[in-house]
There are 2 protein chains.
Amino acid sequence: MIDAKDVTISDSEWEVMRAIWTLNKVTSRQLIDTMNQARGWSDSTTKTLLHRLIKKHAVTQHGDQRPYEYQAAVGEQDSMAAAATDLFDHMCAMRAGSTIADVIQSRELSQDDIANLQKILAEKAKTAPKTVQCNCLPAGMGADCNC
Amino acid sequence: MIDAKDVTISDSEWEVMRAIWTLNKVTSRQLIDTMNQARGWSDSTTKTLLHRLIKKHAVTQHGDQRPYEYQAAVGEQDSMAAAATDLFDHMCAMRAGSTIADVIQSRELSQDDIANLQKILAEKAKTAPKTVQCNCLPAGMGADCNC
DNA sequence: TTTATTAGTTTACAGTTGTAGTCAGTCAAA
DNA sequence: TTTGACTGACTACAACTGTAAACTAATAAA
(Lines give C-alpha, C1' and ligand atoms only; values in the text may rest on other atoms or scores of the structure.)
Protein backbone atom coordinates (compact mmCIF):
# COMPACT_ATOMS: atom_id res chain seq x y z
CA MET A 1 0.00 0.00 0.00
CA ILE A 2 1.48 3.28 -1.18
CA ASP A 3 1.39 6.24 1.20
CA ALA A 4 -1.41 8.56 0.16
CA LYS A 5 0.73 11.55 1.06
CA ASP A 6 3.11 10.67 -1.76
CA VAL A 7 0.46 10.75 -4.44
CA THR A 8 -1.21 13.79 -5.93
CA ILE A 9 -4.56 13.04 -7.47
CA SER A 10 -6.23 15.58 -9.74
CA ASP A 11 -9.96 16.27 -9.72
CA SER A 12 -10.89 13.99 -12.60
CA GLU A 13 -8.57 11.31 -11.37
CA TRP A 14 -10.30 11.58 -8.03
CA GLU A 15 -13.60 10.59 -9.62
CA VAL A 16 -11.98 7.50 -11.05
CA MET A 17 -10.48 6.64 -7.69
CA ARG A 18 -13.85 6.89 -6.03
CA ALA A 19 -15.26 4.38 -8.47
CA ILE A 20 -12.32 2.05 -7.94
CA TRP A 21 -12.52 2.35 -4.18
CA THR A 22 -16.21 1.62 -4.27
CA LEU A 23 -16.02 -1.29 -6.69
CA ASN A 24 -12.85 -2.51 -5.04
CA LYS A 25 -11.53 -4.53 -7.98
CA VAL A 26 -12.42 -3.66 -11.54
CA THR A 27 -11.71 -4.48 -15.12
CA SER A 28 -11.22 -1.52 -17.37
CA ARG A 29 -14.51 -2.34 -19.06
CA GLN A 30 -16.38 -2.09 -15.79
CA LEU A 31 -14.67 1.15 -14.97
CA ILE A 32 -15.24 2.61 -18.42
CA ASP A 33 -18.93 1.77 -18.29
CA THR A 34 -19.21 3.10 -14.78
CA MET A 35 -17.61 6.42 -15.62
CA ASN A 36 -19.60 6.64 -18.78
CA GLN A 37 -22.83 6.36 -16.86
CA ALA A 38 -21.69 8.31 -13.84
CA ARG A 39 -20.07 11.20 -15.67
CA GLY A 40 -20.73 10.77 -19.36
CA TRP A 41 -17.08 10.31 -20.16
CA SER A 42 -15.90 8.68 -23.36
CA ASP A 43 -14.02 5.40 -23.14
CA SER A 44 -10.74 7.14 -23.89
CA THR A 45 -11.06 9.58 -21.07
CA THR A 46 -11.42 6.86 -18.49
CA LYS A 47 -8.59 4.88 -20.05
CA THR A 48 -6.29 7.87 -19.96
CA LEU A 49 -7.09 8.68 -16.37
CA LEU A 50 -6.67 5.06 -15.34
CA HIS A 51 -3.25 4.96 -16.96
CA ARG A 52 -2.19 8.18 -15.34
CA LEU A 53 -3.23 6.78 -11.99
CA ILE A 54 -1.19 3.67 -12.62
CA LYS A 55 1.81 5.77 -13.54
CA LYS A 56 1.32 7.72 -10.31
CA HIS A 57 1.16 4.47 -8.34
CA ALA A 58 -2.32 5.22 -7.08
CA VAL A 59 -3.66 2.12 -8.83
CA THR A 60 -2.13 -1.27 -9.58
CA GLN A 61 -2.78 -3.64 -12.44
CA HIS A 62 -3.32 -7.31 -11.63
CA GLY A 63 -3.51 -10.56 -13.55
CA ASP A 64 -1.39 -12.15 -16.24
CA GLN A 65 -3.78 -12.12 -19.11
CA ARG A 66 -5.91 -9.71 -20.98
CA PRO A 67 -8.83 -8.42 -19.17
CA TYR A 68 -6.58 -7.24 -16.34
CA GLU A 69 -7.98 -6.15 -13.03
CA TYR A 70 -7.27 -2.84 -11.41
CA GLN A 71 -7.17 -1.97 -7.77
CA ALA A 72 -6.45 1.07 -5.64
CA ALA A 73 -2.95 1.22 -4.20
CA VAL A 74 -3.74 4.06 -1.82
CA GLY A 75 -6.42 3.98 0.84
CA GLU A 76 -9.51 6.11 0.47
CA GLN A 77 -9.57 7.47 4.00
CA ASP A 78 -5.85 8.15 3.85
CA SER A 79 -6.16 9.97 0.56
CA MET A 80 -9.02 12.03 1.86
CA ALA A 81 -7.12 12.95 4.99
CA ALA A 82 -4.04 13.80 2.93
CA ALA A 83 -6.03 16.02 0.58
CA ALA A 84 -7.83 17.78 3.40
CA THR A 85 -4.71 18.25 5.49
CA ASP A 86 -2.88 19.57 2.48
CA LEU A 87 -5.60 22.12 1.86
CA PHE A 88 -5.65 23.35 5.43
CA ASP A 89 -1.87 23.47 5.45
CA HIS A 90 -1.84 26.35 3.08
CA MET A 91 -4.63 28.35 4.61
CA CYS A 92 -4.44 30.74 7.55
CA ALA A 93 -4.05 28.74 10.77
CA MET A 94 -6.03 31.31 12.66
CA ARG A 95 -9.11 30.70 10.57
CA ALA A 96 -8.90 26.92 10.44
CA GLY A 97 -11.42 26.61 13.26
CA SER A 98 -14.08 28.68 11.54
CA THR A 99 -13.43 26.91 8.29
CA ILE A 100 -13.93 23.54 9.91
CA ALA A 101 -17.15 24.96 11.31
CA ASP A 102 -18.22 25.96 7.80
CA VAL A 103 -17.46 22.49 6.53
CA ILE A 104 -19.35 20.79 9.33
CA GLN A 105 -22.33 22.97 8.68
CA SER A 106 -22.35 22.10 5.01
CA ARG A 107 -22.08 18.31 5.48
CA GLU A 108 -24.44 15.61 6.45
CA LEU A 109 -22.96 13.81 9.45
CA SER A 110 -24.20 10.70 11.19
CA GLN A 111 -24.90 10.44 14.90
CA ASP A 112 -21.74 8.38 15.21
CA ASP A 113 -19.68 10.93 13.31
CA ILE A 114 -20.90 13.65 15.62
CA ALA A 115 -20.25 11.65 18.75
CA ASN A 116 -16.76 10.92 17.51
CA LEU A 117 -16.05 14.55 16.77
CA GLN A 118 -17.36 15.54 20.17
CA LYS A 119 -15.03 13.12 21.84
CA ILE A 120 -12.07 14.38 19.89
CA LEU A 121 -12.92 17.97 20.67
CA ALA A 122 -13.38 17.31 24.36
CA GLU A 123 -9.96 15.72 24.41
CA LYS A 124 -8.42 18.54 22.43
CA ALA A 125 -9.95 21.16 24.68
CA LYS A 126 -7.79 19.94 27.53
CA THR A 127 -4.65 21.32 25.94
CA ALA A 128 -6.00 23.90 23.53
CA PRO A 129 -4.41 27.37 23.57
CA LYS A 130 -6.39 30.50 24.21
CA THR A 131 -5.76 31.74 20.67
CA VAL A 132 -4.10 30.58 17.47
CA GLN A 133 -1.74 32.88 15.66
CA CYS A 134 -2.12 33.81 12.00
CA ASN A 135 0.70 32.20 10.03
CA CYS A 136 0.12 33.87 6.68
CA LEU A 137 3.42 35.69 6.71
CA PRO A 138 6.74 34.80 8.33
CA ALA A 139 7.10 36.09 11.86
CA GLY A 140 8.06 39.73 11.89
CA MET A 141 6.44 40.65 8.61
CA GLY A 142 2.95 42.10 8.43
CA ALA A 143 3.10 43.27 12.05
CA ASP A 144 -0.59 43.61 12.66
CA CYS A 145 -2.47 40.77 11.05
CA ASN A 146 -5.91 41.63 9.73
CA CYS A 147 -6.90 38.04 9.37
CA MET B 1 -17.12 42.07 -3.10
CA ILE B 2 -16.99 39.16 -5.53
CA ASP B 3 -18.44 35.83 -4.43
CA ALA B 4 -15.60 33.53 -3.44
CA LYS B 5 -17.43 30.60 -4.96
CA ASP B 6 -17.02 32.12 -8.40
CA VAL B 7 -13.28 32.35 -8.20
CA THR B 8 -10.80 29.51 -8.45
CA ILE B 9 -7.49 30.27 -6.86
CA SER B 10 -4.48 28.06 -7.54
CA ASP B 11 -1.95 27.08 -4.89
CA SER B 12 0.62 29.77 -5.69
CA GLU B 13 -2.07 32.35 -6.15
CA TRP B 14 -3.35 31.37 -2.76
CA GLU B 15 -0.05 32.36 -1.19
CA VAL B 16 -0.32 35.77 -2.76
CA MET B 17 -3.89 36.14 -1.53
CA ARG B 18 -2.82 35.33 2.00
CA ALA B 19 -0.29 38.13 1.88
CA ILE B 20 -2.84 40.55 0.46
CA TRP B 21 -5.45 39.57 3.00
CA THR B 22 -2.98 40.03 5.79
CA LEU B 23 -1.58 43.33 4.58
CA ASN B 24 -5.03 44.48 3.50
CA LYS B 25 -3.91 47.08 0.99
CA VAL B 26 -0.61 46.78 -0.82
CA THR B 27 1.47 48.28 -3.55
CA SER B 28 3.06 45.80 -5.92
CA ARG B 29 6.43 46.69 -4.44
CA GLN B 30 5.31 45.71 -0.96
CA LEU B 31 3.83 42.51 -2.24
CA ILE B 32 6.86 41.65 -4.33
CA ASP B 33 9.18 42.18 -1.39
CA THR B 34 6.90 40.23 0.89
CA MET B 35 6.71 37.24 -1.41
CA ASN B 36 10.39 37.44 -2.04
CA GLN B 37 11.13 37.15 1.65
CA ALA B 38 8.30 34.78 2.46
CA ARG B 39 8.81 32.38 -0.42
CA GLY B 40 11.90 33.37 -2.28
CA TRP B 41 10.03 34.28 -5.43
CA SER B 42 11.45 36.51 -8.13
CA ASP B 43 9.77 39.83 -8.80
CA SER B 44 8.27 38.51 -12.02
CA THR B 45 6.60 35.58 -10.35
CA THR B 46 4.72 37.77 -7.92
CA LYS B 47 3.81 40.21 -10.68
CA THR B 48 2.41 37.42 -12.85
CA LEU B 49 0.40 35.93 -10.06
CA LEU B 50 -0.93 39.32 -9.06
CA HIS B 51 -2.07 39.96 -12.62
CA ARG B 52 -3.70 36.58 -12.89
CA LEU B 53 -5.58 37.28 -9.70
CA ILE B 54 -6.75 40.61 -11.08
CA LYS B 55 -7.91 38.90 -14.26
CA LYS B 56 -9.78 36.39 -12.13
CA HIS B 57 -11.39 39.23 -10.18
CA ALA B 58 -9.93 38.01 -6.91
CA VAL B 59 -8.00 41.27 -6.53
CA THR B 60 -8.76 44.84 -7.56
CA GLN B 61 -6.43 47.64 -8.53
CA HIS B 62 -6.99 51.05 -6.96
CA GLY B 63 -5.72 54.56 -7.48
CA ASP B 64 -5.36 56.76 -10.50
CA GLN B 65 -1.63 57.09 -10.67
CA ARG B 66 1.38 54.93 -10.75
CA PRO B 67 2.15 53.08 -7.65
CA TYR B 68 -1.33 51.57 -7.66
CA GLU B 69 -2.73 49.81 -4.64
CA TYR B 70 -4.11 46.34 -4.69
CA GLN B 71 -6.77 44.84 -2.52
CA ALA B 72 -8.55 41.53 -2.20
CA ALA B 73 -11.96 41.40 -3.88
CA VAL B 74 -12.95 38.14 -2.23
CA GLY B 75 -13.10 37.54 1.49
CA GLU B 76 -10.59 35.29 3.16
CA GLN B 77 -13.03 33.32 5.27
CA ASP B 78 -15.36 32.95 2.31
CA SER B 79 -12.58 31.74 0.07
CA MET B 80 -11.45 29.25 2.66
CA ALA B 81 -14.96 27.95 3.13
CA ALA B 82 -15.42 27.72 -0.64
CA ALA B 83 -12.18 25.82 -1.10
CA ALA B 84 -12.90 23.44 1.75
CA THR B 85 -16.50 22.85 0.73
CA ASP B 86 -15.40 22.26 -2.83
CA LEU B 87 -12.91 19.66 -1.68
CA PHE B 88 -15.43 17.80 0.46
CA ASP B 89 -17.96 17.99 -2.33
CA HIS B 90 -15.99 15.60 -4.43
CA MET B 91 -15.10 13.15 -1.74
CA CYS B 92 -17.21 10.30 -0.40
CA ALA B 93 -19.99 11.72 1.78
CA MET B 94 -19.87 8.70 4.01
CA ARG B 95 -16.31 9.42 5.02
CA ALA B 96 -16.65 13.16 5.47
CA GLY B 97 -17.07 12.76 9.21
CA SER B 98 -13.84 10.82 9.69
CA THR B 99 -12.03 13.19 7.41
CA ILE B 100 -13.15 16.17 9.43
CA ALA B 101 -11.92 14.26 12.47
CA ASP B 102 -8.53 13.82 10.79
CA VAL B 103 -8.39 17.51 10.04
CA ILE B 104 -9.33 18.53 13.55
CA GLN B 105 -6.67 16.28 14.95
CA SER B 106 -4.02 17.80 12.74
CA ARG B 107 -4.86 21.45 13.51
CA GLU B 108 -4.21 23.74 16.38
CA LEU B 109 -7.55 25.08 17.57
CA SER B 110 -8.26 27.73 20.18
CA GLN B 111 -10.55 27.26 23.15
CA ASP B 112 -13.07 29.47 21.39
CA ASP B 113 -12.85 27.47 18.18
CA ILE B 114 -13.52 24.30 20.09
CA ALA B 115 -16.41 25.75 22.02
CA ASN B 116 -17.92 26.97 18.76
CA LEU B 117 -17.54 23.59 17.09
CA GLN B 118 -19.08 21.91 20.09
CA LYS B 119 -22.07 24.17 19.92
CA ILE B 120 -22.53 23.52 16.21
CA LEU B 121 -22.22 19.79 16.70
CA ALA B 122 -24.70 19.73 19.56
CA GLU B 123 -27.15 21.58 17.36
CA LYS B 124 -26.49 19.30 14.43
CA ALA B 125 -26.92 16.19 16.56
CA LYS B 126 -30.58 17.06 17.04
CA THR B 127 -31.39 16.25 13.44
CA ALA B 128 -28.50 14.03 12.39
CA PRO B 129 -29.31 10.77 10.63
CA LYS B 130 -28.23 7.41 11.93
CA THR B 131 -25.94 6.88 8.95
CA VAL B 132 -24.78 8.72 5.85
CA GLN B 133 -24.85 6.98 2.52
CA CYS B 134 -21.83 6.69 0.25
CA ASN B 135 -22.38 8.85 -2.84
CA CYS B 136 -19.40 7.77 -4.89
CA LEU B 137 -21.50 6.25 -7.63
CA PRO B 138 -24.97 7.14 -8.86
CA ALA B 139 -27.74 5.28 -7.07
CA GLY B 140 -28.14 1.76 -8.40
CA MET B 141 -24.54 1.32 -9.48
CA GLY B 142 -21.98 -0.34 -7.26
CA ALA B 143 -24.67 -2.11 -5.27
CA ASP B 144 -22.64 -2.83 -2.18
CA CYS B 145 -20.38 0.07 -1.39
CA ASN B 146 -17.04 -0.86 0.15
CA CYS B 147 -16.36 2.66 1.22
C1' DT C 1 -6.90 -19.69 -39.51
C1' DT C 2 -8.85 -15.52 -40.84
C1' DT C 3 -11.56 -11.87 -39.03
C1' DA C 4 -13.90 -9.04 -35.79
C1' DT C 5 -13.91 -7.28 -31.23
C1' DT C 6 -12.04 -5.75 -27.33
C1' DA C 7 -8.32 -4.14 -24.13
C1' DG C 8 -4.44 -1.65 -23.68
C1' DT C 9 -0.91 2.02 -25.40
C1' DT C 10 0.36 6.31 -27.77
C1' DT C 11 -0.50 10.55 -29.42
C1' DA C 12 -3.14 15.04 -29.43
C1' DC C 13 -4.36 19.40 -28.04
C1' DA C 14 -6.03 23.35 -25.62
C1' DG C 15 -6.22 25.42 -21.00
C1' DT C 16 -4.06 26.11 -16.39
C1' DT C 17 -0.17 26.53 -13.32
C1' DG C 18 4.51 27.51 -11.61
C1' DT C 19 8.14 30.15 -12.58
C1' DA C 20 10.43 33.86 -14.75
C1' DG C 21 12.44 37.05 -18.54
C1' DT C 22 11.71 41.18 -21.46
C1' DC C 23 9.49 45.26 -23.08
C1' DA C 24 7.13 49.63 -22.53
C1' DG C 25 5.11 53.56 -20.23
C1' DT C 26 5.57 56.97 -16.47
C1' DC C 27 7.37 59.68 -12.80
C1' DA C 28 11.45 61.74 -10.67
C1' DA C 29 16.13 63.45 -10.91
C1' DA C 30 19.53 65.85 -13.44
C1' DT D 1 14.04 68.16 -21.65
C1' DT D 2 16.61 64.17 -21.46
C1' DT D 3 17.64 60.16 -18.78
C1' DG D 4 17.20 56.78 -15.41
C1' DA D 5 14.49 53.93 -12.27
C1' DC D 6 10.61 51.75 -11.39
C1' DT D 7 5.98 49.84 -12.20
C1' DG D 8 3.10 47.55 -14.90
C1' DA D 9 2.13 44.67 -19.29
C1' DC D 10 3.34 41.15 -22.36
C1' DT D 11 5.79 36.98 -23.66
C1' DA D 12 7.83 32.33 -22.58
C1' DC D 13 7.88 27.73 -21.58
C1' DA D 14 7.59 23.26 -19.47
C1' DA D 15 4.54 20.34 -16.57
C1' DC D 16 0.06 19.02 -15.45
C1' DT D 17 -5.09 18.53 -16.58
C1' DG D 18 -9.32 17.50 -18.95
C1' DT D 19 -10.83 15.44 -22.74
C1' DA D 20 -10.48 12.27 -26.48
C1' DA D 21 -8.90 10.11 -31.08
C1' DA D 22 -5.91 6.73 -33.25
C1' DC D 23 -3.22 2.82 -33.23
C1' DT D 24 -1.72 -1.89 -31.82
C1' DA D 25 -1.91 -6.26 -29.64
C1' DA D 26 -4.61 -10.09 -27.89
C1' DT D 27 -8.65 -12.79 -27.67
C1' DA D 28 -13.02 -14.63 -29.25
C1' DA D 29 -16.05 -15.74 -33.10
C1' DA D 30 -16.63 -17.57 -37.76
Side-chain angles (χ1 to χ4, degrees), chain A residues 6-20 23 25-71 79 82-83 86-87 89-90, chain B residues 6-20 23 25-71 79 82-83 86-87 89-90:
Chain A
D6 300 335
V7 180
T8 317
I9 299 172
S10 78
D11 280 5
S12 294
E13 287 164 355
W14 195 272
E15 296 304 325
V16 175
M17 288 307 295
R18 289 178 75 179
I20 298 179
L23 301 171
K25 200 168 218 194
V26 271
T27 60
S28 65
R29 179 43 46 196
Q30 247 183 300
L31 196 61
I32 287 169
D33 292 344
T34 300
M35 298 319 287
N36 178 271
Q37 284 179 68
R39 325 217 70 239
W41 287 349
S42 80
D43 291 22
S44 299
T45 301
T46 304
K47 287 181 187 184
T48 302
L49 261 1
L50 177 57
H51 279 272
R52 285 184 186 165
L53 286 167
I54 291 170
K55 201 188 303 174
K56 286 183 179 183
H57 304 292
V59 168
T60 44
Q61 202 177 39
H62 299 275
D64 42 345
Q65 97 203 61
R66 257 325 178 77
Y68 301 135
E69 286 207 301
Y70 299 90
Q71 231 179 147
S79 298
D86 189 61
L87 180 75
D89 276 349
H90 65 232
Chain B
D6 300 336
V7 180
T8 318
I9 299 172
S10 79
D11 280 5
S12 293
E13 286 165 357
W14 195 272
E15 295 305 323
V16 175
M17 289 307 295
R18 288 178 75 178
I20 296 178
L23 301 171
K25 200 167 217 199
V26 269
T27 60
S28 65
R29 179 44 46 199
Q30 246 182 302
L31 196 61
I32 287 169
D33 291 345
T34 300
M35 297 320 286
N36 177 271
Q37 283 179 69
R39 328 217 72 238
W41 287 350
S42 79
D43 290 22
S44 299
T45 299
T46 302
K47 286 183 188 182
T48 301
L49 261 2
L50 178 57
H51 279 272
R52 286 185 186 165
L53 286 167
I54 290 169
K55 201 188 304 173
K56 288 184 178 183
H57 304 292
V59 168
T60 45
Q61 201 178 40
H62 298 275
D64 42 344
Q65 95 202 62
R66 257 323 179 79
Y68 301 134
E69 286 206 303
Y70 299 90
Q71 229 179 149
S79 297
D86 189 63
L87 180 74
D89 276 349
H90 64 231

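Chain identifiers are assigned alphabetically (A, B, ...) following the order of the sequence lines, protein sequences preceding nucleic acid strands; residue numbering begins at 1 within each chain.
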Task: B:R52 side chain, from C-beta outward: closest of C:dT17, C:dT9, D:dT17 - done: C:dT17
Please report, to 0.1 Å, the donor-acceptor pairs under 3.5 Å made by any side chain of residues 31-38 of chain A, with sequence neighbours excluded.
| residue | atom | partner | partner atom | Å |
| --- | --- | --- | --- | --- |
| A:D33 | OD1 | A:R29 | NH1 | 3.1 |
| A:T34 | OG1 | A:Q30 | O | 2.6 |
| A:N36 | ND2 | A:W41 | O | 3.0 |

Open item on the list: Applying the side-chain contact (heavy atoms from CB on, under 4.5 Å) criterion to A:V59, which one of A:R52, A:Q71, A:M17 satisfies it?
Closed with: A:M17
Mind checking [X] for me? I need base, sugar-phosphate or nothing, with any heavy atom below 4.0 Å counting as a touch.
X     : value
A:S10 : sugar-phosphate
B:D11 : sugar-phosphate
B:T48 : base
B:L49 : base

TODO: Answer yes or no: does a side-chain N or O of B:S42 lie under 4.0 Å from OP1 or OP2 of C:dT19?
DONE: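 Checking C:dT19 against B:S42, no side-chain N or O comes under 4.0 Å of OP1 or OP2.
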Task: A:T45 side chain near D:dA20 phosphate (N/O to OP1/OP2, under 4.0 Å) - done: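 Answer yes for this pair, as a side-chain N or O of A:T45 is under 4.0 Å from OP1 or OP2.
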Open item on the list: If you assign A:K47 and A:S12 each to the DNA chain D nucleotide with the nearest heavy atom, which residue ends up on the more 5' nucleotide?
Closed with: A:S12
Open item on the list: When you compare the side chain of A:E69 with that of A:Q61, does any pair of heavy atoms fall below 4.5 Å?
Closed with: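 Answer no - side chains too far apart.
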Task: Residues within residues 55-71 of chain A bordering DNA chain D, heavy-atom distance below 4.0 Å - done: A:K56, A:Q65, A:R66
Open item on the list: Please list, in numerical order, the residues of residues 25-41 of chain B that have a heavy atom closer than 4.0 Å to any atom of DNA chain C.
Closed with: B:W41
- [ ] Establish, from distance only, whether the side-chain atoms of B:S42 and B:T45 form a donor-acceptor pair under 3.5 Å.
- [x]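 Note: B:S42 and B:T45 side chains meet the donor-acceptor criterion.
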- [ ] Kindly say whether, by distance alone, the side chain of B:S44 makes a donor-acceptor pair under 3.5 Å with the base of C:dG21?
- [x]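 Answer yes: a donor N or O sits under 3.5 Å from an acceptor.
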